[in-house]
Amino acid sequence: PNLASYTIEIVPDQDIEYQKLKSGETDTGYIPPEKLEEARTLDNVSVYEWWTAAASWRYIGLNMREGFATHDINVRHGLNYAIDKQLLTDEVMLGQAKRLCSVFPDTSWVYNPDVPCYDFDTEQALATFTEAGYTLQDDKLVDANGEQLTLKLIYGPNTSKTRELIAVSVQDMLSDVGINVEVQALEWASFLDAIHAAEPDWDLFIGGWRATIEPHIMYTIWAEESIPDLNSVAYINKDVEQLFKEGGATYDTAVRTQKYQEAQMIISEESPYIFLFNNKSWSGQNNRIKGIEPKPLGIGWNSEDWFIEETQ
């Protein structure tokens with residue numbers, strides 16, 4: 001390697017991280033989506049952008065446990081139709097993401113392009129809520145007892161502007177179909193405690209995963225044995241588990257693709273998640289760092305070739 005050492009500094013939040021990159025105090029740092037355009041104009045920073053094979057993706061987790069409104073598949077489908085996921089992708093990520101309809105993004109070799117996407121459709125949403133026993137009365141979606149459907153949405157960390165914008169946007173969209181959404185922002189440790197609780201009190205949470213190049217690794221977030229840690233929504237489907245096991249038991253890529261694509265179809269149809277978008281990857285690096293060549297595998301694949309350009 002050309003670099004003798006690499007120092008990692010922990011800072012309180014992502015805004016400070018960006019400011020340190022901008023000022024030249026650090027050589028690399030996170031760039032929030034709303035600051036990306038500004039970062040591209042900085043004299044001391046190069047912004048590298050690429051679509052990665054192991055994409056980061058965002059979703060809304062729906063509590064599948066009995067006793068929660070989201071246990072009903074018609075409620076889950078209704079929510080899916082009521083949320084304008086393309087608008088969230090465009091407005092929240094400012095063009096730096098793609099719509100996601102599956103547990104695997106389109107950069108994955110097992111991606112299934114035929115899964116249902118639940119495009120924004122308020123009429124379809126209301127029709128689906130009707131199948132769950134709800135009706136729209138005086139701009140409120142109410143059950144047979146006249147009680148308005150009220151959902152608790154949590155997100156964390158409370159410093160994340162991106163997740164805050166997703167939360168308030170979803171709150172507004174669901175209000176348009178008569179649903180009352182109570183949003184609670186939590187600091188990171190409290191958020192993790194909440195989504196990993198054995199008996200949670202939330203209906204929805206905003207989450208994120210990073211896709212894996214090896215698709216079988218994603219089995220863990222759908223397995224019953226992973227409840228409530230990785231499988232926070234308590235999704236249980238033994239057919240999905242079997243398909244993952246069969247896909248992981250062979251080296252035949254055609255068979256593996258078929259198994260994982262079947263699993264994607266079932267998961268998308270049952271909607272334990274509302275899939276939102278997968279991020280374009282980008283990274284800000286001080287101009288003094290040379291030799292960087294981002295690939296679908298990421299920006300650090302050739303880090304041993306990076307070097308510091310000497311200044312006069």
Would [X] and [Y] pass as an ion pair if we require N to O under 4.0 Å?
X: Glu17; Y: Lys20; value: no
X: Lys238; Y: Glu241; value: yes
X: Glu38; Y: Lys22; value: yes
X: Arg288; Y: Glu309; value: no
X: Lys161; Y: Glu34; value: no
X: Glu199; Y: Arg65; value: no
X: Glu147; Y: Lys140; value: no
X: Arg40; Y: Glu49; value: yes

Is any side-chain heavy atom of Ser281 closer than 4.5 Å to one of Ile299? no

State, yes or no, whether a side-chain contact exists between Asn74 and Phe129 at a heavy-atom distance under 4.5 Å.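 Result no, sub-4.5 Å side-chain heavy-atom pair not found.
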
Given side-chain hydrogen bond (donor to acceptor under 3.5 Å, both in side chains), test Ser46 with Asn287 step by step and report yes or no. CA-CA 6 Å; Ser46 293; Asn287 287 338; 2.5 Å; yes

Transitive ILVMFWY side-chain link [X] to [Y], under 4.5 Å:
X: Tyr48; Y: Val45; answer: no
X: Val233; Y: Leu100; answer: yes
X: Leu79; Y: Val92; answer: yes
X: Phe191; Y: Leu153; answer: no
X: Ile274; Y: Ile266; answer: no

For the backbone of [Y] and the side chain of [X], can you confirm whether one donor and one acceptor N or O come within less than 3.5 Å of each other?
X: Arg163; Y: Tyr155; value: no
X: Trp202; Y: Ala194; value: yes
X: Arg99; Y: Cys117; value: yes
X: Asn112; Y: Gln261; value: yes
X: Arg256; Y: Tyr251; value: no
X: Glu187; Y: Ala189; value: yes
X: Ser160; Y: Pro157; value: no
X: Glu182; Y: Leu151; value: no
X: Ser226; Y: Thr220; value: yes
X: Lys290; Y: Asp305; value: no

[atom1]/[X] to [atom2]/[Y] distance, rounded to the nearest 0.5 angstrom?
X: Glu246; Y: Gln258; atom1: CD; atom2: CD; result: 9.0 Å
X: Gln96; Y: Glu37; atom1: CD; atom2: CD; result: 8.5 Å
X: Leu243; Y: Met265; atom1: CG; atom2: CE; result: 12.0 Å
X: Gln14; Y: Leu21; atom1: CD; atom2: CG; result: 13.0 Å
X: Ile83; Y: Gln171; atom1: CD1; atom2: CD; result: 11.5 Å
X: Leu126; Y: Leu136; atom1: CG; atom2: CG; result: 5.5 Å

Residues Asp119, Gln86; criterion side chain to side chain contact (heavy atoms under 4.5 Å, CB included); working and verdict: CA-CA 8 Å; Asp119 293 332; Gln86 187 62 56; over 6 Å; no

Would you please test Thr28 and Gln285 for side-chain hydrogen bond (donor to acceptor under 3.5 Å, both in side chains) and show each step? CA-CA 5 Å; Thr28 185; Gln285 306 285 341; 3.1 Å; yes

Can you confirm whether the side chains of [X] and [Y] place a donor and an acceptor under 3.5 Å from each other?
X: Glu214; Y: Thr212; result: no
X: Tyr118; Y: Gln124; result: no
X: Ser102; Y: Gln264; result: yes
X: Arg210; Y: Ser56; result: yes
X: Tyr273; Y: Trp209; result: yes

Ring centre gap for [X] and [Y] strictly below 6.0 Å:
X: Phe275; Y: Tyr59; answer: no
X: Trp306; Y: Tyr6; answer: no
X: Phe244; Y: Tyr260; answer: yes
X: His71; Y: Phe68; answer: no

Exceeds 12 heavy-atom contacts within 6.0 angstrom, atom NZ of Lys152: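 Atom NZ in Lys152 is crowded, with more than 12 foreign heavy atoms closer than 6.0 Å.
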
Taking all non-hydrogen atoms of both residues into account, name the closest pair between Pro215 and Val110 and its distance. CB-CG2, 3.7 Å

Verdict with reasoning, Thr150 to Gln148, per side-chain hydrogen bond (donor to acceptor under 3.5 Å, both in side chains): CA-CA 6 Å; Thr150 297; Gln148 184 180 18; 4.8 Å; no

Residues Tyr235, Glu270; criterion side-chain hydrogen bond (donor to acceptor under 3.5 Å, both in side chains); working and verdict: CA-CA 9 Å; Tyr235 177 67; Glu270 295 197 329; 2.6 Å; yes

Evaluate the salt bridge (charged side-chain N to carboxylate O under 4.0 Å, His left out) criterion for residues Arg76 and Glu269: first the C-alpha distance (whole Å), next the side-chain angles of each, then the deciding distance (0.1 Å), finally the verdict. CA-CA 10 Å; Arg76 299 196 300 275; Glu269 288 174 347; over 6 Å; no

Checking side chain to side chain contact (heavy atoms under 4.5 Å, CB included) for the pair Thr52/Leu297: CA distance, chi angles, key distance, verdict? CA-CA 6 Å; Thr52 179; Leu297 288 177; over 6 Å; no

Please say whether the positively charged group of Lys98, taken as NZ for Lys or CZ for Arg, lies over the ring of Trp51, i.e. under 6.0 angstrom from the six-membered ring centre and within 45 degrees of the axis.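 Because its charged atom sits under 6.0 Å from the ring centre and within 45° of the axis, Lys98 does stack over Trp51.
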
